[in-house]
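Below is one structure, written out as C-alpha cells; comments come after it.
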Amino acid sequence: MKKTILTGLRPTGNLHLGHLFGAGQNYVKLQDEYEFFLEIADVQALTDNFDNPEKVRRNVKEITMDLLAIGVDPNKVHLFIQSRIPEIAELTVFYSNLVTVSRLFRNPTVKSEVAQKKELFGKDGESITYGFLGYPVSQAADITIFGGEVVPVGDDQLPLLEQCREIVRKFNNIYGDILKEPEQYLSNAPRLKGLDGNEKMGKSLGNAIFLVDDYETISKKVMGAVTDPNKIKKDDPANPDICMVYYYHKLVTPEDELKAVCSECKNGSRGCVACKKQLIENINKLLDPIKERRKQYEDNPELVDKILEEGTIFARNRAKENMKKIKEAMMIDYE
Ligand code: ATP
Ligand code: MG
C-alpha cells in the first residue's frame, strides 16, 4: 500500500522560484512513490482575499498550469479544487470544537501573517476575521480527510502542521484511534529568500522571480538584486555569502561553474554585472523547458479543466469514504 500525500497551494498568484525549490520539486520527486492529493486551496485563499473573488478564480487555472509545467503528472497526482469537496468544510466544523481560540492566536504562522496584513486585519490584528483565524483548522481538515501522512511544504507551514497534529491527537483521544498524524517533508531550500534579501520570496512582496516571467523581466529583477554593499568597484574582492546573486547561483548554476563564481567573487576578478548576466542565463535555462511545457496547456485550456475535473471526482470519493468513518466515530452516522 502506498502512503498518502496531501499538500496544497493557494491560488493567489503564479508560482515563483520559492515554490519550485521550496516545495514543487519535491512534488515531482515524490509523485511515483505516493498516492498524491494536490489541492488548489481556493477556500483558504478567500480567507484573506474574500473581497477579490476574481483574483482567486483566475489563479486556480494559472497555478494548475504552473504545476503541470514543473512536471506534476496528472496521471499520478490527483489535482483538485478545495471548494468542490464539501466534506472539508464539514470536517472543519467538527474540528473547531477541538481547538481553543487562544491557541490559534498563538500560532506563529497566523501571528506573522496577521502582522503582514495590517490593511486587512488592523494594526494589532484587531479586525481579524473568524475565517482567517480558523484557517489552520480548515487546513487540518484538508490533510486528514484524505488520510494524509506526508506533507511536502516550505518551513512557513510547520506551525500549521503542528496544529494539525494536535487536533488529530485530541480527536483520537475522544472518538477513537482513526486519524493519522501527518509528517512534514522539507526540501533543502525550505524558505527561499527574496531578491531583496528578505527572509521569504513571496508572491506579493515584489521580490520574486515567477516561473512565467519573460527574459526581460528576469533580467531587470536580477540586475536589481542585492549584492555585497562593500564591493564598490568592479575589481573589489567581495563576500559571496552576503550576496543574493550568489545565493541564487547556488540553486541554478552547475557545480564547476559555481566554484569559479565563488572564487572569482572573493578575489575580485569578476564584476557584479557579468555575474548577474551569467545568473540570468542559468535561470532561463531552468525556466525555458518549464515555459515550453506550460505552453501546451495554455494552448489547450480544456485539458486543464479535464485534469481538475477528474482529480476532483477522485478526491471527492476518497473524502466521502473517510467522512463516513469519521461520522461513525463521532456517533453522527444517521444514514
Ligand atoms: P500566500 O502569500 O498567498 O500565502 P505563498 O507564496 O505563501 O502565498 P502558498 O500557496 O501559501 O504560497 O504556499 C505553497 C507552498 O509553497 C507551501 O508549501 C509553502 O510553504 C511553499 N513556499 C511558499 N513560498 C516559499 C519560499 N519562499 N520558500 C520555500 N517555500 C515556499
Ligand atoms: Mg502562504
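All figures in this text were calculated on a predicted structure; none of them were measured in a lab. Just so you know, ligand 1 is whichever comes first in the structure, and atom 1 is the first atom listed for that ligand.
Ring geometry for F37 versus H78: interplanar angle of 30 to 60°, hence tilted. Between H19 and H16, the ring planes lie parallel to each other; the angle is under 30°, not in the 30° to 60° tilted range. Between F36 and Y27, the ring planes are perpendicular. Angles over 60° get that label, and only those under 30° would be called parallel.
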Report the C-alpha separation of V261 and R270 in whole Å, then their side-chain angles, then the decisive distance to 0.1 Å, and conclude whether the side chain to side chain contact (heavy atoms under 4.5 Å, CB included) test is met. CA-CA 8 Å; V261 173; R270 133 185 313 256; 3.9 Å; yes

Starting from the C-alpha separation in whole Å, work towards a yes-or-no answer on side chain to side chain contact (heavy atoms under 4.5 Å, CB included) for Y215 and I280. CA-CA 8 Å; Y215 284 23; I280 292 164; over 6 Å; no

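Around CD of E126, the count of heavy atoms belonging to other residues, nucleotides or ligands within 6.0 Å exceeds 12. Under a cut-off of 6.0 angstrom, the local environment of CD in E302 is crowded, with over 12 non-hydrogen atoms contributed by other residues, nucleotides or ligands.
Follow the hydrophobic side-chain contacts under 4.5 Å out from V252 and you never reach Y246; the two are in separate clusters. Placement of V43 and L120 in two distinct hydrophobic clusters is found when ILVMFWY residues are connected by side-chain heavy-atom separations under 4.5 Å, directly or transitively.
Protein heavy atom closest to atom 24 (N) of ligand 1, with residue, atom name and distance, is K200 CE, 3.3 Å. Atom 23 (C) of ligand 1 has as its closest protein heavy atom H19 CD2, 3.4 Å. For atom 1 (P) of ligand 1, the closest non-hydrogen atom of the protein is R10 NE, 3.5 Å. L192 N, 2.8 Å is the protein heavy atom nearest to atom 28 (N) of ligand 1. Among all protein heavy atoms, the one lying closest to atom 14 (C) of ligand 1 is L9 CD2, 3.7 Å. For atom 21 (C) of ligand 1, the closest non-hydrogen atom of the protein is G154 N, 4.0 Å. In this structure, atom 31 (C) of ligand 1 lies nearest to the protein heavy atom G18 O, 3.7 Å.
The part of D156 lying near ligand 1 is the side chain, judged by heavy-atom distances below 4.0 Å.
At least one protein heavy atom sits closer than 4.0 Å to atom 16 (O) of ligand 1.
In terms of polar-atom proximity, Y27 is not counted as a contact of ligand 1, lacking any N or O under 3.5 Å from an N or O of the ligand. Polar contact with ligand 1: present for K203 (N/O pair, distance under 3.5 Å). In terms of polar-atom proximity, G8 is not counted as a contact of ligand 1, lacking any N or O under 3.5 Å from an N or O of the ligand.
The contact set between ligand 1 and P190, taken as ligand atoms under 4.0 Å from a residue heavy atom, comprises 28 (N), 29 (C), 30 (N). Every atom of ligand 1 is numbered from 1 in the order shown, and the set under 4.0 Å from a heavy atom of T12 is 1 (P), 3 (O), 8 (O). Atoms of ligand 1 lying under 4.0 Å from at least one heavy atom of G22, given by number and element, are 29 (C), 30 (N). Each of the following atoms of ligand 1 lies closer than 4.0 Å to a heavy atom of R191: 28 (N), 29 (C). Shown in contact with V153 at under 4.0 Å from a heavy atom are these atoms of ligand 1, numbered in order with element: 18 (O).
Between M330 and F171, the closest side-chain pair of non-hydrogen atoms falls below 4.5 Å. Two residues are said to be in side-chain contact when any heavy atoms from C-beta on lie closer than 4.5 Å; L104 and P136 meet this criterion.
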